[in-house]
Amino acid sequence: MDIVINVKSSSHRIRNSIATIFGIVVLAGCARNAPQDTWQPKGDNAQIINNLQWIVFPMAGVVGVLVLGFYAYTIYKYNDRGQPIPSQSHGKPVVEVILTIIPALILTVVGVFTFRGIFELAETEDTEMIINVTGQQWWWEYDYPAQDDQGITQPIISSGQLVIPVGTKVLLRETSRDVIHSYWIPALNGKKDAVPGRINLLRLQADKPGLFAGQCTEFCGLSHANMRMEAIALSKEDFAKWVSNQQKAYTAPADGTLAKEGEGVFLNQCIRCHQVNGLKKVDGTPAIAAPDENVYSGAAPNLSHLMSRNTFAGAKFDLLNKKCRKDVWGASPETIGVKYLSGVSESCLNATDLRAWLRNAPAMKPMYADPAKLEKSGGKYRGMPNLGLTETDIDKLVAYLLTLK
Amino acid sequence: MSTNELTLTPSQSPSLAKGKLVVSPSQSLGAVRRPVNTTGWREWLFTVDHKKLGIMYGTVAFVFFIVGGVEALLIRLQLALPDGRILSADKYNQMFTMHATTMIFLFAMPMAAAFANYFLPLQIGARDVAFPRLNALSFWLFLTGGLILNASWFLGGAADGGWFMYAPNSGPVFSPSNGVDFWILGLQIAGIASLIGSINLIVTVLNMRAPGMTLMKMPVFTWMILVVQFLLVFSLPVITVALVLLMFQRSYGATFFDVSQGADPLLWQHLFWIFGHPEVYVLILPGFGIISEVLPTFSRKPLFGYPFVVFSGASIGLVGFGVWAHHMFASGLGPVSVAVFSMATMAIAIPTGVKIFNWILTMWGGKIWYSAAMKFAIGLVILFTIGGLSGVTHAVAPSDTQQTDTYYIVAHFHYVLFGGMVFGLFSGFYYWWPKVFGKMLNEKLGSWNFWFMVIGMNMAFGPMHILGLQGQPRRMYVWTEARAGEGLFNFGFWNMVSSIGSFILAVGVLFFIINVIKTTRNPERAPLDPWDARTLEWLTTSPPKVHNFDRIPVVHHLDEFFHRKYEEDETTHTMKQVATGADLVRAEVAAADVDIHMPGASYWPLLLSVGMGVLGMGVIYGTPIMVVGALLVLFSAYGWVLEPSVPEAIDFDTPSTDGPTKEIAPVG
Amino acid sequence: MTTETETHEDTHEHGMSDAGYIKIAVILALITALEVSTYYVDFGPLFMPALLIMMVVKFVMVVSYFMHLKFDSKMFSFLFYTGLGLALFVYITALATFKFFIA
Amino acid sequence: MWLFLGSECLLFGGLISTYMLYRGRVQNGPHPSQIYDIPFTSVSSFVLLMSSLTMVLAVSSAQRKDDTRTNLWLLITGLLGASFVGGQVYEFTTFYREGLGFTTSLFSSSFYSLTGFHGVHVSIGVIMLMSLRAIIKKNKITGDKSEVVELIGLYWHFVDIVWIIIFTLVYLIPS
Ligand code: HEA
Ligand code: HEA
Ligand code: CUA
Ligand SMILES: [Cu+2]
């Protein structure tokens with residue numbers, strides 16, 4: 001990294017450079033801490049991009065100011081003040097040539113840096129960890145294949161929030177189960193599309209523990225706007241704890257509790273689509289979800305450790321209530337690990353949204369879940385349908401879901 | 001090119017110059033008699049006159065501008081506040097898809113076609129285009145396509161896949177309504193219209209220039225239109241292929257974009273953008289052409305570096321075919337492709353820069369008159385430069401992976417499209433209005449129009465740069481407070497500013513409409529040469545007669561008209577006026593040609609277009625309708641072929657004397 | 001369908017007699033026969049390039065002689081070859097991004 | 001006309017590229033190599049090639065203002081073209097019977113789209129040739145007859161050269 005311009009990521013006054021493009025001064029300090037700000041890199045890959053931005057934006061700004069400044073002067077100076085009609089000269093080739101060469105030179109310089117940036121970002125040789133990321137309408141699935149050096153002994157499947165260790169070069173292998181989506185955590189790297197039938201690679205690395213917002217950025221149909229995600233970087237120790245929690249075996253709720261009844265409802269209703277690892281049917285055989293029979297993309301979120309996440313349904317809704325959620329968002333790099341790993345306790349649960357989701361999911365998030373309109377997709381849903389659950393069923397289910405730590 | 005041998009004969013019958021061409025009944029050779037009554041509404045329905053068609057193009061395109069604009073206003077209303085409730089997700093998706101489709105295919109391209117149709121023959125001193133009936137066909141097909149596209153709103157919902165309609169999201173499963181089918185067919189038909197139109201205009205330019213007008217004496221507007229037509233001829237077939245593949249998939253069960261069958265969705269992206277990027281230059285170059293006429297006229301100086309402007313236009317066209325993948329930087333092309341396309345994209349800034357510099361230098365040292373037309377032209381230069389520079393920031397591929405699909409991109413293309421193209425078109429409205437309608441537009445209202453539009457435009461699209469860099473993605477029916485950032489200047493503030501700006505913009509457009517209504521009522525006629533103009537279209541009456549020129553001009557100079565008015569004083573090198581424009585026009589009228597054969601009106605273009613429309617509907621609603629459509633198409637094609645393009649001799653108001661006839665477009 | 005009608009007044013004699021045309025046709029037929037034979041006879045690694053070259057030769061012959069582009073105005077060559085060139089460039093590049101030629 | 005043909009290059013280029021990309025992608029139904037009947041297609045290619053010859057002969061007769069000859073050559077060209085289309089129809093039906101429907105696989109869809117588009121072009125050509133004969137008979141051409149013959153000839157040759165490419169790329173080069 002020998003690009004000289006290297007700016008401390010804490011600066012919030014970056015947008016001044018855009019302002020120069022307009023030629024007007026935008027008030028300094030506008031919008032602090034927008035979670036998806038593209039000028040606040042929190043890791044190497046984003047930093048490479050940021051360095052390029054700091055070359056091309058000021059360049060554009062300066063060129064703009066010079067050209068438009070000269071233009072403004074022309075407009076002012078040659079106003080018709082009764083001067084005679086000028087001689088009809090058709091231009092000077094020398095001037096033309098100069099004015100062609102200068103931009104060409106500027107662009108060559110920009111081009112060289114761009115070229116290097118592109119190849120630097122495409123580097124994958126020294127990857128330390130791999131995560132498979134799969135997009136589908138309208139949520140992301142993360143699949144951590146077993147890899148010993150990260151302590152992952154059996155695959156972990158999760159959704160919504162990507163959990164990564166800090167200072168580790170993580171390679172996302174992206175694909176999609178239906179249409180094109182695009183994975184974007186601005187603080188960690190630029191976008192990369194998740195294209196069905198292809199595997200696209202995207203490298204992420206976070207310098208410090210933290211929570212980073214992201215959004216699906218390729219138009220993917222009805223609920224594209226609601227297809228969000230988050231990345232959480234944990235210190236290596238905290239990450240190991242997270243891994244071991246994800247690999248923890250299933251503990252069935254104690255008999256006679258509301259949660260136990262909830263497990264029953266779940267086995268009736270939800271197991272069609274949602275897998276809970278280790279869950280057994282009443283007859284003792286493993287309960288295996290068959291989302292491919294019900295959902296067009298062939299997948300639904302794995303709920304084994306639902307309550308270890310802070311969000312649900314494509315990170316559109318919080319599993320944590322407002323207060324607890326703010327606590328995690330606002331946490332310092334030192335404390336975020338503990339806060340995140342504590343998961344969702346009953347007192348922190350955002351029961352309102354979760355219950356509403358179970359009551360009628362399509363009302364919460366536009367989806368293709370009207371059985372009358374599924375002719376073209378062979379009767380399969382795109383998203384989660386309204387299951388017509390009673391309020392008591394919902395009570396039971398919530399109690400049950402709370403046990404899925 | 002030997003067509004230019006239209007020799008000039010002295011006037012024999014000045015009585016011809018009466019305006020309307022009255023055609024008597026003929027024993028038509030066609031299957032049906034050709035329309036002979038060329039007055040009233042029929043005059044418009046069956047006309048093949050490039051000027052009437054130009055006006056029709058313009059009117060229809062403007063209506064679509066309002067439609068697209070109202071769609072945009074609804075979008076802005078929805079986004080003014082977080083979690084907007086004006087539109088549902090579904091409606092919003094349809095709204096931005098149709099907003100873009102309408103603005104690009106039904107407003108921008110046809111509006112450019114309107115200018116091209118009207119002024120290109122006038123600027124090259126021709127009497128009409130090469131194939132007048134094909135010209136009419138283009139118009140009617142475009143209208144058919146536009147109506148089909150918009151009919152979808154009432155027939156189960158409009159297309160909802162975004163204007164580039166990425167596969168597989170546009171496939172039958174993911175877009176189950178008929179909207180996308182309407183979209184495909186509408187564009188297909190509008191595409192045929194453009195293809196025919198562009199072949200027509202190219203042949204016109206190559207074959208029908210006035211004597212003496214070499215290619216390098218052609219007005220820049222004509223040049224830019226010529227480049228645009230080449231871009232169209234070579235890019236439209238590519239989207240045709242894409243649309244056909246998609247149509248086969250949606251209507252006939254093929255699997256071109258069905259990944260489960262092993263298809264690759266990037267095929268669509270390549271096909272679309274191979275068309276799509278040349279398309280953006282199709283949109284901007286007519287605007288460039290217009291201001292290349294306006295800036296010199298109001299600076300009283302010829303265009304600085306004419307050959308450079310012309311060649312840069314041509315090279316923009318050529319290089320424009322080699323940069324398409326810059327819309328796909330995030331789609332996983334691999335670093336080599338990305339690097340190549342990134343460099344190519346930067347290269348295109350160079351010829352564009354040449355144009356900007358030449359416009360500025362045209363004004364440098366001039367005697368500038370800030371009329372409304374000039375204000376819009378200057379607005380274009382400034383706003384386009386801003387938009388172009390943000391374009392260069394996207395060309396840096398890694399940086400673009402942060403910006404792509406955010407409002408920063410939306411800001412870029414509205415600056416180049418609205419600030420560039422639309423300002424160019426408005427400049428053209430003010431500049432050429434007196435030519436077309438014989439009435440001046442009010443300058444004061446024009447000024448209001450301009451200022452509201454600039455302020456509105458910058459308020460509406462300026463903040464989008466900031467929004468995009470703060471991370472607001474595009475194509476989202478709602479934005480949420482959770483991601484809006486803290487402080488006053490967050491998403492909320494800028495979205496609100498943008499929405500207010502869009503309404504100020506709408507008021508600006510409203511001023512234009514008021515201006516048109518007011519001046520149409522005003523009985524006062526415009527002077528023949530209100531701007532002290534430079535090119536041939538001013539060497540005739542306003543509005544021009546059916547046959548454009550009473551006498552085909554012979555060209556000696558670039559800016560012929562100006563050089564007929566002014567001569568350079570050998571010693572002082574100042575320009576002195578030797579004639580007024582009005583004098584020159586009167587001289588032409590006095591020396592009118594006789595026996596000008598103009599092409600006759602025809603039913604077939606209209607009928608053929610209706611047939612195409614029915615045929616298209618058949619793809620959606622079943623084979624019987626298709627058969628009806630096909631029969632109608634065949635029938636009208638048959639009638640067309642058997643109808644001579646020029647009515648028989650006796651149809652002319654002045655029967656043949658022994659003088660040579662000015663026959664144009666022998667077949668066609 | 002009628003373009004540029006009035007432009008070849010003076011190039012009417014295309015310098016080609018009927019016999020000439022027949023000769024060309026015979027050559028074309030021979031090449032075709034050769035091409036088809038590649039399907040049966042194994043030419044080894046040369047076979048792809050050979051086929052492509054024969055294809056191009058046939059193409060150019062038809063265009064130049066039957067379509068007498070060779071004798072026509074430069075403008076026509078320009079129009080046609082621009083289209084052809086663009087098509088080649090654009091599609092080959094596009095296929096290249098699919099790693100088509102490597103895989 | 002040349003301009004139109006230049007434009008058509010991009011049309012067929014797109015279809016050919018689609019085919020090239022997808023030709024090996026067969027998940028159902030027969031593979032290209034199992035289905036092509038090279039001798040048969042060679043004959044029909046030959047037929048089309050020869051029709052180009054008869055077309056030039058028609059043009060050259062038209063330039064000599066020899067209406068009867070022109071008409072004859074046009075007729076032969078049309079017949080050759082028609083037999084090519086006939087051959088293609090025959091080929092399609094055999095393929096179909098062997099299990100290669102339009103929607104069977106990506107290969108089949110792109111194969112039929114490409115060759116079908118070409119077939120439609122040939123058919124349009126045949127219709128134009130026949131109408132041209134009718135018009136020449138009735139003497140209804142405004143302007144120079146040979147020009148019109150020549151223009152349609154250009155179209156015809158273009159369709160032929162497209163086939164030259166298709167024949168090599170689609171049939172002869174194995175996937
Ligand atoms: C009128 C239409 C128009 C025009 C003219 C342009 C012009 C340019 N565009 Fe733009 N563009 C669009 C319309 C247009 N664009 C649209 C509609 C989209 C979005 C499509 C969609 O996704 O929906 C888009 C998207 C788009 C992208 C993809 C962004 C993304 O989705 O991630 C890119 C990337 O490179 C790009 C680049 C450029 C460049 C480099 C130019 C250049 O031609 C600009 C050149 C001009 C200048 C540079 C200014 C003047 C020059 C000087 C003063 C000289 C000195 C300059 C330097 C030294 C730099 N454009
Ligand atoms: C020529 C092209 C063109 C033009 C002129 C415009 C003009 C405008 N555009 Fe649009 N736009 C596009 C091309 C264009 N746009 C494209 C290609 C997209 C991408 C779509 C996609 O992602 O697929 C897009 C997308 C787009 C978006 C992003 C949507 C999204 O991503 O979610 C927005 C949002 O603000 C927007 C706004 C506007 C506005 C406010 C105008 C204004 O300038 C409109 C001004 C005009 C009027 C306002 C009409 C005047 C009306 C009257 C005078 C009548 C009076 C009536 C009332 C006041 C009610 N446009
Ligand atoms: Cu997924 Cu947008
Ligand atoms: Cu582009």
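For the numbers below, each heavy atom of this structure counts, side chains included, while hydrogens, waters and symmetry mates do not. All values reported here derive from a predicted model rather than from experimental measurement. In what follows, every chain begins at residue 1, and chains take the letters A, B, ... in the order their sequences are listed.
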Exercise for the section: Could you label the plane-to-plane angle of the B:Y477 and B:Y92 rings as parallel, tilted or perpendicular, counting under 30° as parallel and over 60° as perpendicular? Expected result: tilted

Handout entry: Ring center gap for B:F329 and B:H394 short of 6.0 angstrom
Key = no

Problem - Residue, of A:L121, A:V63, A:V195, A:D178, that accumulates the most heavy atom pairs under 4.5 Å with chain B - result: A:D178

Handout entry: Side chain A:Q83, main chain A:R81, donor-acceptor under 3.5 Å
Key = yes

Fill in the blank from the handout: Comparing A:L202, A:D318, A:V95, A:L222 against chain B, the one with the most heavy-atom pairs below 4.5 Å turns out to be A:L222

Fill in the blank from the handout: Looking only at B:T480, B:T406, B:I368, the option with the highest number of non-hydrogen pairs under 4.5 Å against chain A is B:I368

Handout entry: Side chain, backbone, both or neither of A:I106 within contact of chain B (heavy atoms, under 4.5 Å)
Key = neither

Problem - Which portion of B:F493 sits near chain A, non-hydrogen atoms under 4.5 angstrom - result: neither

Handout entry: Region of B:Q94 in contact with chain A, defined by heavy-atom distances below 4.5 Å
Key = neither

Practice task
Heavy-atom distances under 4.5 Å only: say whether B:F174 touches chain A with side chain, backbone, both or neither.
Solution key: both

Practice task
Measure centre to centre between the rings of B:F384 and A:Y71, then say whether the value is under 6.0 Å.
Solution key: no

Handout entry: Which of A:S176, A:A213, A:P84 touches chain B most, by non-hydrogen pairs under 4.5 Å
Key = A:A213

Handout entry: Partners meeting salt bridge (charged side-chain N to carboxylate O under 4.0 Å, His left out) with B:D405 (sequence neighbours left out)
Key = B:R474

Exercise for the section: Identify which of B:P265, B:G468, B:G162 forms the greatest number of heavy-atom pairs closer than 4.5 Å to chain A. Expected result: B:P265

Problem - Within 6.0 angstrom of A:F119 CZ, more than 12 heavy atoms from elsewhere - result: yes

Practice task
Select one option (side chain, backbone, both, neither) describing which atoms of B:L266 are under 4.5 Å from chain A's heavy atoms.
Solution key: side chain

Handout entry: Under 4.5 Å from any heavy atom of chain A - which part of B:M363
Key = both

Exercise for the section: Would you please indicate if the ring centroids of B:H557 and B:F562 are separated by under 6.0 Å? Expected result: no

Exercise for the section: With sequence neighbours left out, write down each residue that passes salt bridge (charged side-chain N to carboxylate O under 4.0 Å, His left out) with B:R475, or none if nothing qualifies. Expected result: none

Practice task
Identify which part of B:R250 has an atom lying under 4.5 Å from any heavy atom of chain A, answering side chain, backbone, both or neither.
Solution key: neither

Problem - Per-residue contact mode, B:L303 against chain A (heavy atom under 4.5 angstrom) - result: backbone

Handout entry: Residue, of A:E96, A:E174, A:R198, A:K376, that accumulates the most heavy atom pairs under 4.5 Å with chain B
Key = A:E96

Handout entry: Donor-acceptor contact present, side-chain A:S297 to main-chain A:R382, <3.5 Å
Key = no

Problem - Proximal component of A:Y368, with respect to chain B [non-hydrogen, under 4.5 Å] - result: side chain

Practice task
Ignoring hydrogens and angles, state whether a donor on the side chain of B:Q402 or A:N189 is under 3.5 Å from an acceptor on the partner side chain.
Solution key: no

Handout entry: B:F298 portion near chain A, given a 4.5 angstrom heavy-atom threshold
Key = neither

Fill in the blank from the handout: Comparing B:V354, B:I382, B:D90 against chain A, the one with the most heavy-atom pairs below 4.5 Å turns out to be B:I382

Practice task
Using atom types as modelled and distance alone, determine if a side-chain donor or acceptor of B:W479 lies under 3.5 Å from a backbone N or O of B:L79.
Solution key: yes

Exercise for the section: Examine whether an atom of B:S299 lies under 4.5 Å from a heavy atom of chain A, and if so say whether it belongs to the side chain, the backbone or both; otherwise answer neither. Expected result: backbone

Fill in the blank from the handout: Counting heavy-atom pairs under 4.5 angstrom with chain B, the leader among A:G378, A:G111, A:P103 is A:G111

Problem - B:Q472 and B:Y408, any side-chain heavy atoms less than 4.5 Å apart - result: no

Problem - Contact winner vs chain A - B:Y166, B:F257, B:Y306, B:F164, heavy-atom pairs under 4.5 Å - result: B:Y166

Handout entry: Part of B:Q403 lying under 4.5 Å from any heavy atom of chain A
Key = both

Practice task
Indicate yes or no: at least one non-hydrogen side-chain atom of B:F341 is less than 4.5 angstrom from one of B:M328.
Solution key: no

Completion exercise
Under 4.5 Å to a heavy atom of chain B? For A:Q137 that would be side chain

Fill in the blank from the handout: Highest number of heavy-atom pairs under 4.5 Å with chain B among A:A122, A:P196, A:G197 belongs to A:P196

Practice task
Heavy-atom distances under 4.5 Å only: say whether B:V259 touches chain A with side chain, backbone, both or neither.
Solution key: side chain

Problem - Contacting region of A:D193 [heavy-atom separation from chain B under 4.5 Å] - result: both

Handout entry: Carboxylate-amine/guanidinium contact A:E230 B:R483, below 4.0 Å
Key = yes

Handout entry: Proximal component of B:D264, with respect to chain A [non-hydrogen, under 4.5 Å]
Key = side chain

Handout entry: Near-ring test A:F70/B:W364, centroid separation under 6.0 angstrom
Key = yes

Practice task
Before accepting this row, confirm whether a basic side-chain N of the pair B:D160/B:K91 lies closer than 4.0 Å to the acidic partner's carboxylate O.
Solution key: no

Handout entry: chain A interface, residue from B:W369, B:Y370, B:Y566 that has the most non-hydrogen pairs under 4.5 Å
Key = B:Y370

Problem - pair A:D80-B:R300: side-chain heavy atoms closer than 4.5 Å - result: yes

Practice task
Go through B:G365, B:P351, B:G492, B:P473 and name the one with the most non-hydrogen pairs under 4.5 angstrom from chain A.
Solution key: B:G365

Handout entry: Side chain / backbone / both / neither for B:S342 at chain A, heavy atoms under 4.5 Å
Key = side chain

Problem - Structural part of B:S331 lying under 4.5 Å from a heavy atom of chain A - result: both

